[in-house]
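Everything numeric here is computed off the predicted structure, so don't read it as measured data.
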Amino acid sequence: MRVQSSATTAPRIAVATDRDRPGLGTLQAALGVIAFSLTFPATAWGLEGFGPWSLVAVRSVLAAVIAGGCLLALRVPLPARRHWPGLAVVGAGVVLGFPLLTTLALQTSTTAHAAVVVGLLPLTTALCSALRVGTRPSRTFWTASLAGAAAVLAFTVQQSGGALSTADLYLFAALLVCAAGYTEGGRLARVMPGWHVIGWALVLCLPLTVPMAALALAQEPVRLTAHSVTGLLWVAAGSQFVGLVVWYRGMAAIGIPKASQLQLAQPLLTLMWSVLLLGEHLPVAAPLTAAAVLVCIAVTQRARG
């Protein structure tokens with residue numbers, strides 16, 4: 001008489017993951033967008049007391065200390081060797097490239113203008129995802145994404161008097177490197193926890209960010225104020241670590257293209273913060289453009305694929 005092993009007779013237990021709960025994934029990605037929407041106002045505050053290179057380097061080092069402490073405390077093992085190239089792309093894009101380029105842009109650009117230009121990030125991220133991961137969103141998705149991008153481009157050209165400024169060039173370069181970092185991070189977050197992705201990317205950048213911070217602090221004046229310290233702490237802990245943790249978890253749960261389109265709301269939120277926190281006066285076209293791209297979010301989130 002043949003006896004079946006318990007391994008074959010035991011019922012299978014389904015383990016719920018974030019991918020099984022798209023509503024939770026959408027919430028996590030939305031929380032990431034809210035955290036990111038405060039980045040430009042916080043950067044503007046930080047620039048009141050730090051130079052651009054100092055601010056970027058110190059924020060990255062502080063974020064790496066937080067992330068490294070968590071990884072060490074929880075005894076997280078090193079990622080597999082095959083994941084390190086992807087982590088390097090995340091580090092180059094979201095740890096170093098995007099913060100540095102946007103900080104340089106904000107020396108001569110208002111946060112409101114920069115926020116609307118960065119409204120192109122959802123489209124560039126979706127394009128990177130299609131090229132790198134092979135995602136194939138529907139035609140409705142691409143139509144809505146292109147409509148939002150066209151609104152952002154029209155705003156940029158109108159505000160720049162028909163010519164792109166140096167700040168705009170910094171911002172467009174930031175879009176490319178950030179989209180690459182988001183795409184690679186979203187891909188990695190499907191095989192490891194999202195906070196591991198950004199945590200190891202931050203730690204990987206320490207050999208660059210520590211000497212960069214030391215050199216920048218020696219060359220650029222530092223003036224500690226309530227605004228500058230608050231701005232630094234937010235971009236380090238909120239934008240650079242916590243925001244990216246929930247963002248990558250959300251992307252892994254609902255897919256990179258759909259998560260990226262939630263960022264169409266980011267300009268509208270940043271415009272609100274720029275008025276409330278910085279007292280900026282908005283051109284009429286800014287909220288209209290942000291509202292237009294916000295409408296595109298609903299379409300992209302309802303689109304299939």
Side-chain contact test, heavy atoms from C-beta onward, threshold under 4.5 Å: evaluate it for T124 versus L121 and give yes or no. yes
A236 to A63 - nearest heavy-atom pair and separation: O-CB, 3.3 Å
Non-hydrogen side-chain atoms of W53 and T103 separated by less than 4.5 Å: no
Taking side-chain hydrogen bond (donor to acceptor under 3.5 Å, both in side chains) as the test, write out the residues that go with S239, two or more places apart. T39, W234
Test side-chain contact (heavy atoms from CB on, under 4.5 Å) on L171 and L101 and set out the steps. CA-CA 7 Å; L171 291 170; L101 291 166; over 6 Å; no
Over all atoms of both residues, closest heavy-atom pair of G238 and A35: O-CB, 4.1 Å
List the steps, then state whether side-chain contact (heavy atoms from CB on, under 4.5 Å) holds for T110 with H113. CA-CA 5 Å; T110 65; H113 179 86; 3.4 Å; yes
Is the backbone N or O of I34 less than 3.5 Å from a side-chain atom of Q266, with the two atoms forming a donor-acceptor pair by type? no
Has the side chain of T183 got a donor or acceptor atom that lies under 3.5 Å from a matching backbone atom of A180? no
Do other residues, nucleotides or ligands put more than 12 heavy atoms under 6.0 Å from Y170 OH? no
Excluding sequence neighbours, so at least two apart, what forms side-chain hydrogen bond (donor to acceptor under 3.5 Å, both in side chains) with Q240? R59
Just how far is it from atom CZ of R249 to atom CG of L31, taken to the nearest 0.5 Å? 11.5 Å
Do L244 and M192 share a hydrophobic cluster, counting only Ile, Leu, Val, Met, Phe, Trp and Tyr and linking them when any side-chain heavy atoms are less than 4.5 Å apart? yes
Shortest non-hydrogen separation from P52 to L104 and the atoms involved: CB-CD2, 4.0 Å
Which pairs would a plain distance check flag for residues 64-83, meaning a side-chain donor or acceptor within less than 3.5 Å of a matching protein atom at least two apart in sequence or in another chain?
none

Result block: side-chain N/O donor-acceptor pairs under 3.5 angstrom for residues 148-155, not counting sequence neighbours:
none

Only counting residues at least two apart or in another chain, list the ones meeting side-chain hydrogen bond (donor to acceptor under 3.5 Å, both in side chains) with S274. none
To the closest 0.5 Å, what do you measure between OG1 (T43) and CG (L106)? 6.0 Å
Do V118 and L277 sit in one hydrophobic cluster, given that two such residues count as connected whenever their side-chain heavy atoms are within less than 4.5 Å of each other, even indirectly? yes
For F36 and Y182, take the angle between the two ring planes, folded into 0 to 90°, and tell me which bin it lands in: parallel under 30, tilted 30 to 60, perpendicular over 60. parallel
If you measure from CG on L175 to CZ on F98, what distance do you get to the nearest 0.5 Å? 7.0 Å
Pair W273-F40, ring-ring contact (aromatic ring centres under 6.0 Å, His included): steps then yes or no: CA-CA 9 Å; W273 298 130; F40 285 175; over 10 Å; no
Verify same cluster id: V89, V191 (apolar side-chain graph, 4.5 Å): no
Is the closest side-chain donor-acceptor distance between S54 and E220 under 3.5 Å? yes
Go through the steps to decide whether T108 and T166 satisfy the test side-chain contact (heavy atoms from CB on, under 4.5 Å), and finish with yes or no. CA-CA 9 Å; T108 56; T166 302; 5.7 Å; no
P99 side chain reached by V235 side chain, heavy atoms, under 4.5 Å: no
For the residue pair S37 and T270, what are the closest heavy atoms and their distance? O-OG1, 2.9 Å
If you compare all heavy atoms of V90 against all heavy atoms of G181, which two are closest, and at what distance to 0.1 Å? CG2-O, 3.8 Å
Between the side chains of T140 and T143, is a donor N or O closer than 3.5 angstrom to an acceptor N or O? no
Would you say S109's side chain and A105's backbone share a donor-acceptor pair under 3.5 angstrom? no
Spell out, yes or no, whether V246 and L27 are grouped together once hydrophobic residues are joined by side-chain heavy atoms under 4.5 Å, including indirect joins. yes
Would you kindly confirm whether L233 and V58 end up in one hydrophobic cluster when ILVMFWY residues are joined by side chain heavy atoms under 4.5 Å apart? yes
In a table with atom names and distances, give each donor-acceptor pair under 3.5 Å that connects a side chain of residues 195-217 to protein atoms at least two apart or in another chain.
residue	atom	partner	partner atom	Å
T209	OG1	C205	O	3.2

So which heavy atom on G97 is nearest to which on V177, and how close? C-CG2, 3.9 Å
Could you tell me whether a side-chain N or O of R223 sits under 3.5 Å from a main-chain N or O of E48, the two making a donor and an acceptor? yes
Backbone N or O of A252 within a donor-acceptor pair of the R190 side chain at under 3.5 Å? yes
